[in-house]
2 protein chains.
Amino acid sequence: IADDNGEALEALLKEYHFADIAELLEELDTDEATYIVKLLDSEVTSEILIELDDDLRESILDNLTPSEIADELDEMDTDDAADIIAELDDDIQKQVIGHIEDTTHAADIVDLLRYDEDTAGGLMAKELVSVKESWTVAGCVREMRRQAENVTRVHSIYVTDKEGRLKGRLSLKDLLTAHQRAHISEVYIPKVDYVTVHTEANEVARIMQKYDLEAIPVVDDEGILVGRITIDDILDYVKEEAERDYQMAAGISQDVEASDGLFKQTKARLPWLMIGMMGGLGAATIISNFEVILSTYPKLLIFVPLIQATAGNVGVQSSAIIVQGLANDSLKGHLFARIVRETTVALVNGISIAIIVLFISHFIFYTSYLESLSIGVALITVIILAAIVGNLIPIFLHRRGIDPAVATGPFITTSNDVFGIFTYFLIAKLILGF
Amino acid sequence: IADDNGEALEALLKEYHFADIAELLEELDTDEATYIVKLLDSEVTSEILIELDDDLRESILDNLTPSEIADELDEMDTDDAADIIAELDDDIQKQVIGHIEDTTHAADIVDLLRYDEDTAGGLMAKELVSVKESWTVAGCVREMRRQAENVTRVHSIYVTDKEGRLKGRLSLKDLLTAHQRAHISEVYIPKVDYVTVHTEANEVARIMQKYDLEAIPVVDDEGILVGRITIDDILDYVKEEAERDYQMAAGISQDVEASDGLFKQTKARLPWLMIGMMGGLGAATIISNFEVILSTYPKLLIFVPLIQATAGNVGVQSSAIIVQGLANDSLKGHLFARIVRETTVALVNGISIAIIVLFISHFIFYTSYLESLSIGVALITVIILAAIVGNLIPIFLHRRGIDPAVATGPFITTSNDVFGIFTYFLIAKLILGF
C-alpha cells in the first residue's frame, strides 16, 4: 500500500482512529512508518506517536528533523511531550525545544523534564483547569471556557489562592447550580486530596485507587498547584509495573516481547541463565565435596532434584507473597510474628510432603531406614529454611531501597537450590554419620 | 476504643474518609467491625463495605439481617451492589433483594446478577446518563439534571433512539455551547466505542486502554444501551488480574496474603508443592533407571542440578513472554516463525552457557572429554527443548480456552525439570555409549 502516491492513502487513513493507525504502523518497517507519519496531519500523528512502541517511535523520530518533531510535540499534552523528549539525545532535545512554537507549552515541557519519571512530578501534566478563590462564579465560567480548550477532559476544577496555592476543588455540577454572582470562596469544597511532585508513582497509584479518584492535583514544596495526574496515566503505570514485576519473576529483563530480535532477547535472558548456571556449578561443587555420598550412598543422589525443586518452589511462593504485600502496602504486624506464621505453614507443608516421600523412597526406591530418615528430615528443614529466606530477602532489599521484585525469579530459586542441596547433604552426614 | 458508648466514636469517625475507616476496620475483629458498621450511617458504611477485604466483609454481612444489608445496598451503585450480593447464599440473596426499598434499583441489581463476572455485563453499572436523539438541548439539560443525581460522575452522555438503541454520545461541553432549541440529533457525535454484555473483561480493558476511554457504554444483543463501565473499575480489574497472574507464576493459588491463617496458606501452597514433589520423584525414577551412570559415570550426577535449573529457567522465561504476549494481544506473526526465532535465541544462549560449563567441568571437576561433551551437548539440547516447550504450552492452553498463566510457575518448571534430566541422560548414553 505504502509505495506510491499519498493522497489516496491519506484519505483512507483519515477514517481510522489514531490507535488503530498506530497498530498498523507497528506492522510496517521504519521507512514506511516514517512516510505515513510525515504524510498525515500532526494533530493525528502526535497521538499516534504516543501510542507507538518505544523502539519504533525512536527510529521514526530519528528520521524527522527537530522542527518536525517540535510540530508533533506542539500538539501533545505536556506530560506525553516530556516523556517523548526525554528519549531524545541532549543536543537534539535543545533544538526541538527551540522549535516549539507555543513558548508557554515549551516552558511547561522543560519544567516537567526536571522530575524523576517514577514520581508524581514525572507523571503529571500541566494541563488543568484552575480558578482563584476570589473570582465570581460568572467570571470563573468565562475563564474556564478559555482554559478548557487546552484540556482534553475536565475532571475537577481546582481552586487556588492568589499565590497559586491549592485550596480546594469545585465540581462542574456545583458551578452550574451556584448563583452567578457568588464568589468561588463561598462555593468550593475545601477538602481535596493531593500529592506533591516528590510523591512516588507507586504511592500516587495507591491513593488514587483507595479514594477512587479520577484525577489528583500535584503541588510543589510551597503548596503551589503545578499539575495534575489523570487515572488513565495511572492505569498505564500500574500495568507497566505489573508487567515488569512479572517479567522479573520470570527472569527476563524489562521490555522484551516475543517479536523482538535475537540480540535484544539474548541480552534480556542470558544474564539470568548465567545466574542459574553459577548456582548449578555451585551445587556441583557441593556434591563433589561430599565425595563419600557418591561412593557409599549413591541413592541419596537420586533425590537431589526433589530437594532442589522443593526448595526453589517454596522460596518463590514465600517471596512472591511478600513482594505483593510490599507492593500493596498491606504487610501488617511484626516481622517476627510473620516469620513464626511462615515457619508454621512451612512445617505443615514440609511434614505432609516428607511423609509421602518417606514411604515412596523406602518402598519404591528401597532406601534404608536411615537414608529415608535423612531425606525426610532434610525436606522439612529445607522447606522451612527456604520459606524464611524467601520472606527475609524481599524485606531486606526493600529496606535497603532496592526493588524487592528482583528477589523473586531465578535469583531466589538459584540461592535456594544451592542452599537446599547443601542442607540436604549436611543433614544426611549428621544422620548417617559419615 | 470500641468497647463503650457509640456517640463519641461516631463523631470521631465522621471526620474520616470511608477508605480510611475501611482500613481501620481491617485491624479490628469481626464483632468490633460489625459494631462500627451498625453504628454509622448506611451512606458511609455502604462505601466502606465496598472497600473491605472479601473475608472480613463476608463475616460482617453474616452478622447483619437481610434488611440491614438491603439498606447498605440501597446506597451502592448497582455494579458494587451486584458484586456483594453475589457473595451471599441464594436464600439470603432473595430476602435481601426483597428488602431493597427502591424497586428499580433492586431490578437493576437482579439484572446484573445474570452476567458472568468476567464479562462486560459483570463489570458494568446501570447508572448512566442517556438522552434520546429526538429531544431538544433544553429538555435534555433538564432531564440530565434529574438523571445525574444517581450518577457519581458523568463521563459522557449517551444518545439513544426511541427504542433505547445506542446511537452516539455527547460531551458536556457540546451541550453547553449548543443552541437551546437545537435537537440532540443535530449535535451529537455519532461515533462511539462500545462493547456488548458478552465482551470479555480482558477485551474491555484492552479497548479502553487503547483508545484512552474513561467510560464505555455497554449494549445488549439488540444494541440497546444497558450500562456503562468506568475506568476505575477497569483499573481494579487490571490490578487483580496482574496479581493473579503473578501469584500463579509463583505457584500460589489466588488471594493469599501474608496475614492469612495457616489453613488458607497451606491450601494455597501445598498443591503446587505436591506437583513439584511429583516432578522430583519422577526425576528420581529416571536417575535410578540409568543405573549405569550411578556406578560408572558418577561425575555426570554432579551436573544434574545445573541441567535442572537451566531447563526450569529457560522454560519460565519463554512461557512468561508468551503469556504476556497473549494477555496484551501482541503476539504477531506465525507460530512457526516464532518457534524458529525462539530456537535461535535458545541456541545462542545454550552455546554460551555450554562453552563456559565445558571448560569448568573439564578443568575443575576433571571430567573426561566425552563426559564434558555430553554435558555441553545436553545443555544446548535442553535449553532448546525447554524454550520450545515453554512457547508451545501457553499457546496450546490458550487455544483450548484455558488461562495460559497456569503454564508458568511450578507447572512448567516441574515438567522441564523432569524432561531436562531425561534428555541429559539420554544424550550421555548416546555419546558415552553405555
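Residue numbers begin at 1 in each chain, while the letters A, B, ... track the order of the sequences.
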Peer 1: Give, as side chain, backbone, both or neither, the part of A:Ile383 having an atom under 4.5 angstrom from any heavy atom of chain B.
Peer 2: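 No part of it gets close to chain B.
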Peer 1: Give the member of A:Val304, A:Ile322, A:Ile356 that has the highest number of heavy-atom pairs under 4.5 Å with chain B.
Peer 2: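 Greatest number of close heavy-atom pairs with chain B: A:Ile356.
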Peer 1: State, to 0.1 Å, how close B:Pro394 and B:Gly390 come at their nearest heavy-atom pair, and which atoms those are.
Peer 2: CD-O, 3.0 Å
Peer 1: Taking all non-hydrogen atoms of both residues into account, name the closest pair between B:Ser352 and A:Leu270 and its distance.
Peer 2: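 In this case the closest contact between B:Ser352 and A:Leu270 is OG-CD2, 3.8 Å.
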Peer 1: Would you indicate whether the side-chain heavy atoms of A:Ser318 and A:Val345 approach each other to under 4.5 Å?
Peer 2: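 The answer is no, as the side chains (C-beta and beyond) never meet within the 4.5 Å cut-off.
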Peer 1: Contact between B:Leu379 and B:Ile307 at the side-chain level, heavy atoms closer than 4.5 Å - yes or no?
Peer 2: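 They are in side-chain contact.
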Peer 1: Mind ranking B:Lys299, B:Glu47, B:Gln308, B:Glu241 by heavy-atom pairs under 4.5 Å with chain A and telling me who comes out on top?
Peer 2: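 Heavy-atom pair counts peak at B:Gln308.
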Peer 1: Select one option (side chain, backbone, both, neither) describing which atoms of A:Arg269 are under 4.5 Å from chain B's heavy atoms.
Peer 2: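 Both backbone and side chain of A:Arg269 come within 4.5 Å of chain B.
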Peer 1: Where on B:Gln317 is there a heavy atom nearer than 4.5 Å to chain A: the side chain, the backbone, both, or neither?
Peer 2: both
Peer 1: Mind running side-chain contact (heavy atoms from CB on, under 4.5 Å) on B:Phe303 and A:Leu281 for me, showing each step along the way?
Peer 2: CA-CA 7 Å; B:Phe303 296 96; A:Leu281 291 173; 4.1 Å; yes
Peer 1: Would you indicate whether B:Met278, at its atom CE, is surrounded by more than 12 heavy atoms from other residues, nucleotides or ligands within a distance under 6.0 Å?
Peer 2: no
Peer 1: Among the options A:Glu243, A:Gln265, A:Glu342, A:Met274, pick out the one with the most heavy-atom pairs lying under 4.5 Å from chain B.
Peer 2: A:Glu243
Peer 1: Between B:Val316, B:Asp417, B:Thr344, B:Ile321, who has the most heavy-atom pairs with chain A when the cutoff is under 4.5 Å?
Peer 2: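 That would be B:Ile321.
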Peer 1: Side chain, backbone, both or neither: which part of B:Ile360 has a heavy atom under 4.5 Å from chain A?
Peer 2: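 Contact with chain A is through the side chain of B:Ile360 alone.
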Peer 1: Could you look at A:Asp20 and say if it's the side chain, the backbone, both or neither that has a heavy atom under 4.5 Å from chain B?
Peer 2: both
Peer 1: Can you tell me which residue among A:Asp236, A:Val238, A:Thr230 is in a side-chain contact (heavy atoms from CB on, under 4.5 Å) with A:Ile234?
Peer 2: A:Val238
Peer 1: Look at B:Ala283, B:Gly276, B:Ser288 and state which one has the largest set of heavy-atom pairs under 4.5 Å with chain A.
Peer 2: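 Of the candidates given, the most pairs with chain A belong to B:Ser288.
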Peer 1: Do you know which of A:Thr285, A:Val418, A:Asn349 has the most heavy-atom pairs under 4.5 Å to chain B?
Peer 2: A:Asn349
Peer 1: Does a donor on one side chain and an acceptor on the other come within less than 3.5 Å for B:Tyr237 and B:Asp232?
Peer 2: no
Peer 1: Can you tell which of B:Ala242, B:Gly325, B:Ala320, B:Pro305 has the highest number of heavy-atom pairs within less than 4.5 Å of chain A?
Peer 2: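 So the answer, after comparing B:Ala242, B:Gly325, B:Ala320, B:Pro305, is B:Pro305.
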Peer 1: What part of A:Asp245 gets closer than 4.5 Å to chain B, counting heavy atoms only: side chain, backbone, both or neither?
Peer 2: both
Peer 1: Do B:Gln247 and A:Gln324 pass the side-chain hydrogen bond (donor to acceptor under 3.5 Å, both in side chains) test, and can you show the C-alpha distance, the side-chain angles, and the key distance before you say yes or no?
Peer 2: CA-CA 9 Å; B:Gln247 295 195 320; A:Gln324 276 202 331; 2.9 Å; yes
Peer 1: Heavy-atom pairs under 4.5 Å with chain A are the metric here; pick the option from B:Ile421, B:Val348, B:Thr310, B:Ile353 that has the most.
Peer 2: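 Among B:Ile421, B:Val348, B:Thr310, B:Ile353, the one with the most close pairs to chain A is B:Ile353.
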Peer 1: Looking at every non-hydrogen atom in both residues, tell me the closest pair between B:Ile302 and A:Ala284 and how far apart they are.
Peer 2: CG2-CB, 3.0 Å
Peer 1: Can you tell which part of A:Ile364 gets under 4.5 Å to a heavy atom of chain B, answering side chain, backbone, both or neither?
Peer 2: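 Answer is neither: A:Ile364 stays 4.5 Å or more from chain B.
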Peer 1: Specify which of A:Leu273, A:Val314, A:Thr266, A:Ile286 makes the most heavy-atom pairs with chain B at under 4.5 Å.
Peer 2: A:Leu273
